[in-house]
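Chain letters run A, B, ... following the sequence lines, proteins first, then strands; residues in each count from 1.
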Protein chains: 2
Amino acid sequence: MMADVQRLETGNGPRAAILNAAMQLFGKQGYTGTSIRDLATEVGVLPGSLYAHIQSKEALLVEIVADGIHRFITAVEPHAHGAGSPVDRLRAMIVAHVEVVAENPERSLVVFHQWRFLGESSLPAAIERRQVYEGCFIKVMEEGVGQGLFKPEINQRIAVFTILGALNWTPEWLSPDGRLSAQEVGSLMAETLLRGVLA
Amino acid sequence: MMADVQRLETGNGPRAAILNAAMQLFGKQGYTGTSIRDLATEVGVLPGSLYAHIQSKEALLVEIVADGIHRFITAVEPHAHGAGSPVDRLRAMIVAHVEVVAENPERSLVVFHQWRFLGESSLPAAIERRQVYEGCFIKVMEEGVGQGLFKPEINQRIAVFTILGALNWTPEWLSPDGRLSAQEVGSLMAETLLRGVLA
DNA sequence: ATGCTTTTAACAAACGTTTGTTTCTTGGCA
DNA sequence: TGCCAAGAAACAAACGTTTGTTAAAAGCAT
């Protein structure tokens, strides 16, 4: 087993350290509940020193959220447009989602809960990306129903929200160091969630 | 001096108006993202005037969260200890949960997301109540497996977290004025979630 | 000495809260 | 009915602190 798994921001240097600390604090205390002084203390630097590396507190949030959504989309979207059956694709999407969460639960908490605090200039883009992500699940769900693989009488909107809700809540309890691997947890969740919609 | 905890009453008095506005704002902007001035503006009063009715900003959160958890437990716990089969009981619990959410989604958002910001004096009690609530679902799940009604090979912990995750996410999208009633949405979700665990 | 980075110090604004006073409403008593 | 004391509620202003951020000076490598 690798001794030093780098599941933090790629690249080193003070900027990555700041982004990492911000992810941790924003996830734990929320964006508005975290002060620049909190962040400086965590990094081990005086407050003003941060501004040699960041443009603003909000720029940190923008970067964390944008990068976070990107990771989810990158991991899940290929499966949505894959070649297999909607059932297999949905299963792969669920597993992929859980794996991204396990990679860094705090970052996922920021992505799912703190995006509201983005400024007016960056909020629309984030919302659009989120809709792209949800659209992946809606698309596969529709195809599954269309091919008669999923129960025809299910409410697709509610089925998707049920699945996404279960997935979005995972950073709240999933432990990357738990007994089960992310892949195993994802498979178990996929099993449960898929049986709920199968024809 | 000990301040008597007053129960959250719907409707009358300026105090209820403040609690209502606080629920709305805490749910939308978060506890730390909502200022006393925000709250005063929403109520239509100057900031200082609020303190004729409340003890502190945090006391508002304490009351909203405590009352909120109480509503969920009151609505769901009877079904957990009911007489029917675990299947029927779990279904009833899911429907009841969704109905409480629909009753006031903003309050549910506060209960699920803002409890972290409770002070050290009130946080343990809130966590304990939450565990009581989750315990209801764990109990029924265990009984279902024990009676051979639920799949024996499911991971109970993960199955419960999957169900609770889907439920806890509902305030994020559920609209009380939507086409479907809360009872209908709850039934659809129960249908989907139950089929995931049935033997 | 040239570039980064950090320190130091300070800024204006917003924070939760308290205070003294005014305004509005209400009920008892002549 | 008229008068007035009492209560409730809001106002206006300020408190000490914390907020995000900035500018100037100092440290330290190359």
Side-chain angles (χ1 to χ4, degrees), chain A residues 9 11-65 110 114-123, chain B residues 1-4 6 8-9 11-65 110 114-123:
Chain A
E9 192 68 25
N12 359 23
R15 194 188 158 76
I18 294 172
L19 275 164
N20 249 326
M23 251 173 358
Q24 234 64 25
L25 290 177
F26 290 174
K28 214 172 306 174
Q29 317 174 1
Y31 175 72
T32 52
T34 302
S35 72
I36 288 289
R37 284 162 182 82
D38 289 339
L39 183 56
T41 301
E42 180 87 356
V43 176
V45 164
L46 292 182
S49 308
L50 294 175
Y51 286 87
H53 310 278
I54 70 173
Q55 197 224 344
S56 69
K57 183 189 175 187
E58 204 210 320
L60 278 176
L61 182 64
V62 171
E63 188 166 342
I64 294 172
V65 170
V110 179
Q114 306 303 318
W115 59 269
R116 305 168 196 274
F117 302 108
L118 290 171
E120 294 182 359
S121 60
S122 40
L123 204 156
Chain B
M1 180 142 356
M2 186 80 173
D4 53 335
Q6 303 169 24
L8 186 50
E9 295 163 16
N12 39 3
R15 193 187 157 77
I18 294 173
L19 276 163
N20 255 320
M23 248 172 353
Q24 235 63 25
L25 290 178
F26 289 174
K28 216 173 304 174
Q29 316 174 3
Y31 174 71
T32 53
T34 302
S35 72
I36 288 290
R37 284 163 181 82
D38 288 340
L39 183 55
T41 301
E42 181 86 356
V43 176
V45 158
L46 291 184
S49 307
L50 294 175
Y51 286 85
H53 310 280
I54 70 173
Q55 197 226 346
S56 68
K57 184 190 176 187
E58 203 210 320
L60 278 175
L61 181 63
V62 171
E63 189 165 342
I64 294 172
V65 170
V110 179
Q114 305 303 317
W115 60 269
R116 304 170 194 273
F117 302 108
L118 290 170
E120 294 181 0
S121 60
S122 40
L123 205 157

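- The nearest pair of heavy atoms linking B:Val110 to B:Gly27 is CG2-N, 3.5 Å.
- Checked for salt-bridge contact, B:Arg15 and B:Glu63 meet the test: a charged N lies under 4.0 Å from a carboxylate O.
- Regarding B:Leu50, its CG atom lies at a distance of 14 Å from the C1' atom of C:dC15, rounded to whole Å.
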Pull out every protein N or O sitting under 3.5 Å from an N or O of nucleotides 19-23 of chain D, one pair per line with the distance.
unit_1	atom_1	unit_2	atom_2	d
D:dG20	OP1	A:Thr34	O	3.3
D:dG20	OP1	A:Lys57	NZ	2.8
D:dG20	OP2	A:Ile36	N	2.7
D:dG20	N7	A:Arg37	NH1	3.0
D:dG20	O6	A:Arg37	NH2	3.1
D:dT21	OP2	A:Tyr51	OH	2.6
D:dT21	OP2	A:Lys57	N	2.9
D:dT21	O5'	A:Tyr51	OH	3.3

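- No contact: B:Ala52 has no heavy atom under 4.0 Å from any strand.
- Sequence neighbours left out, the pairs with a member in residues 28-52 of chain A that pass ring-ring contact (aromatic ring centres under 6.0 Å, His included) are A:Phe26-A:Tyr31.
- Listed here is the closest heavy atom pair of B:Ala40 and B:Leu46: CB-C, 3.8 Å.
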Do B:Ile18 and B:Val45 pass the side-chain contact (heavy atoms from CB on, under 4.5 Å) test, and can you show the C-alpha distance, the side-chain angles, and the key distance before you say yes or no?
-> CA-CA 10 Å; B:Ile18 294 173; B:Val45 158; over 6 Å; no
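- A sub-4.0 Å separation between OP1 or OP2 of C:dC4 and a side-chain N or O of A:His53 is absent.
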